[in-house]
Number of protein chains: 2
Amino acid sequence: MTRSSATAARLDSASGLVTTRERWPGDTLARVDQADRGNGPCGHCDLGTLAFCDGFARRTVTSLMRVQCTLRFEAHDTLFREGDTGVAVFNVVSGAVKVYKLMPDGRRQITGFFFRGDMFGFCLDGDYAYTAEAVTPLSVCRLPMQRLHELSETAPEVQHRILLRMTAKLAQFHDHVLLLGRKTARERVATFLLALSERARRRGDPASPIPLAMGRVDIADYVGLTVETVSRTMTAFKREGLIDLPSPNHVAIPDTQALRAASDGSA
Amino acid sequence: MTRSSATAARLDSASGLVTTRERWPGDTLARVDQADRGNGPCGHCDLGTLAFCDGFARRTVTSLMRVQCTLRFEAHDTLFREGDTGVAVFNVVSGAVKVYKLMPDGRRQITGFFFRGDMFGFCLDGDYAYTAEAVTPLSVCRLPMQRLHELSETAPEVQHRILLRMTAKLAQFHDHVLLLGRKTARERVATFLLALSERARRRGDPASPIPLAMGRVDIADYVGLTVETVSRTMTAFKREGLIDLPSPNHVAIPDTQALRAASDGSA
DNA sequence: CGACCCCTTGAGACCTATCAACACAAGTGG
DNA sequence: CCACTTGTGTTGATAGGTCTCAAGGGGTCG
């Protein structure tokens, strides 16, 4: 699994020594076996229609191929830290990522989870406002922000897609702010599970038995609760038949409408 | 103050009958007296360096002038509602705007305040994810999103500035999510006041005696607390000398560092 | 002057956090 | 193979921060 090269990439990134030098498969920092290369538009991944470059003109795809590269990480690896100079955006090819902010006393708030097809790390002449960490073994497609920006000057389609992703992210934030500011513990957990389910559906995975890539602590730090409250709430949901827990890391939603009702207090 | 035309614009916008037809000063829907026109790059406002079009090439500014128009609203007027088709972005020329989401049972979460120079309403082929309402008498510069997008294909500077605004907004959201998910009541109020102060400073206003354009209820709905808690907290801050309240709507910050310490629990 | 709105203050209730303990699975090393 | 450790999830008892409910003060405006 190209373990050693993945380590090199991780160290490079985690140490803040990210340069603007272009890298691509074959580069010592991010070697990707030929077998790992997918059948997507750019040949870097197999995201299909989820790929950032899906549907772009061949010329554009070619340009993107030159500047992007695939990187691999293990769970708990740090991709970049809050305060690092932001030089690239990432597309998740496989696995899951969490991004979070820390307070001086150690309190943590996870501000987002990213799965296959999701894009994160937007940053324009400035530092990353958060830390990004692999939740599971991870494969990401890395695009230098500057190059992406330059490319978008001649390829409006690229620019439009970036704007689409960012507006979608902004809308997500509005929802999450509502969750954190005004929802009860039950509503938060229900909303979280529904959102996971909906996102799974949108990327073509089954909407109901959903795998929980993250642990209870991460869920708690995302919805602004404690582990205990999350655990108690999920147990309560199971007792009430709102969800099923075949294993601690798998959630089935027998009745979406019922869970939805629990997610905004209309239950 | 062009009351009747402002009413017309409001009704048009609030009723969801926003069209993509270009409008400009002189248009019956958005008449702006000549005296109201500023000395900014486009002649629509006097935002100076805060203006969206500041620093753009003359050709770009001219293009922008053709598609943008200035609108006026009174406090409590609704600019657009959650679910309305998103067709335009707005720049605040004077006054303040709040955007919020409502839950079925009436709970409200304000997700943002916007002041002079701030831009809001980003929306690409989709509906607004929130409602926008004037907090004070308001003057905004309206730019059709579609036109802005078209223009940005030939004027990369426009596109870059949009990206800048959106990444800045994303960073703000990360901070606000941390506030809502992990901060105590004291920390929330302190953070809020500091952010107001900082934003005032950045747009060239004094950082310390800051006017509170919004009431306690709005503050509470923004920081995820109740009015009572906000009021109690501010009273406590005043008692402790962290802030001064010459009037309920004016806050002086004698010691920024002390308030900052209170904003992240390092006090 | 009275109605209304906003802000403030007080007392008690409630939801969630905190602290503590236990179950269970997966390593790890003797 | 077992003892031990570690990590994760669950459950219980208690405490505490914030909400809820209630009332009063001060300003504005008709």
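Hydrogens, waters and symmetry mates play no part in the numbers below; they use all other heavy atoms, side chains included. Just so we're on the same page: letters track the sequence lines, and every chain starts at 1.
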Whole-Å gap separating P (C/dA17) and CZ (B/R182): 7 Å

Enclosure of B/R203 CZ (heavy-atom neighbours >12, cutoff 6.0 Å): yes

Non-hydrogen side-chain atoms of B/R108 and B/K101 separated by less than 4.5 Å: no

Rounded interatomic separation in angstrom, taking CZ from A/R107 and C1' from C/dT18: 14 Å

A/K238 NZ to D/dG9 C1', straight-line distance once rounded to whole Å: 12 Å

Nearest-angstrom distance from the residue atom CG of B/L225 to P of C/dC15: 18 Å

Side chain of B/R232 (C-beta onward), nearest among C/dT9, D/dT18, D/dG9: C/dT9

d(CZ, B/R216; C1', D/dC19) in whole Å: 18 Å

Listed nucleotide nearest any side-chain atom of A/T229, set C/dT16, D/dA22, D/dC19: C/dT16

Spacing of A/M234 atom CE relative to D/dT10 atom P, expressed in whole Å: 7 Å

Test log, rule ring-ring contact (aromatic ring centres under 6.0 Å, His included), inputs A/F173 and B/H176: CA-CA 10 Å; A/F173 263 122; B/H176 200 51; over 10 Å; no

Minimum-distance nucleotide (side-chain atoms of B/E228 versus D/dT20, D/dT18, C/dA17): D/dT20

Minimum-distance nucleotide (side-chain atoms of B/P248 versus C/dC7, C/dT9, D/dT11): C/dC7

Sugar-phosphate, base or nothing in reach of B/T235, heavy atoms under 4.0 Å: sugar-phosphate

DNA chain D: 5'-proximal contact among A/N249 and B/A185 (nearest heavy atom): A/N249

Spacing between A/L245 atom CG and D/dT10 atom P, to the nearest angstrom: 7 Å

Atom pair distance, as rounded to whole Å: CG in B/L212 and C1' in C/dC7: 12 Å

Pair B/S266, B/D264: side-chain N/O donor-acceptor within cut-off below 3.5 Å: yes

Note, A/V135 side chain near A/V97 side chain (heavy atom, < 4.5 Å): no

B/T184 vs A/S231, nearer the 5' end of DNA chain D by closest nucleotide: A/S231

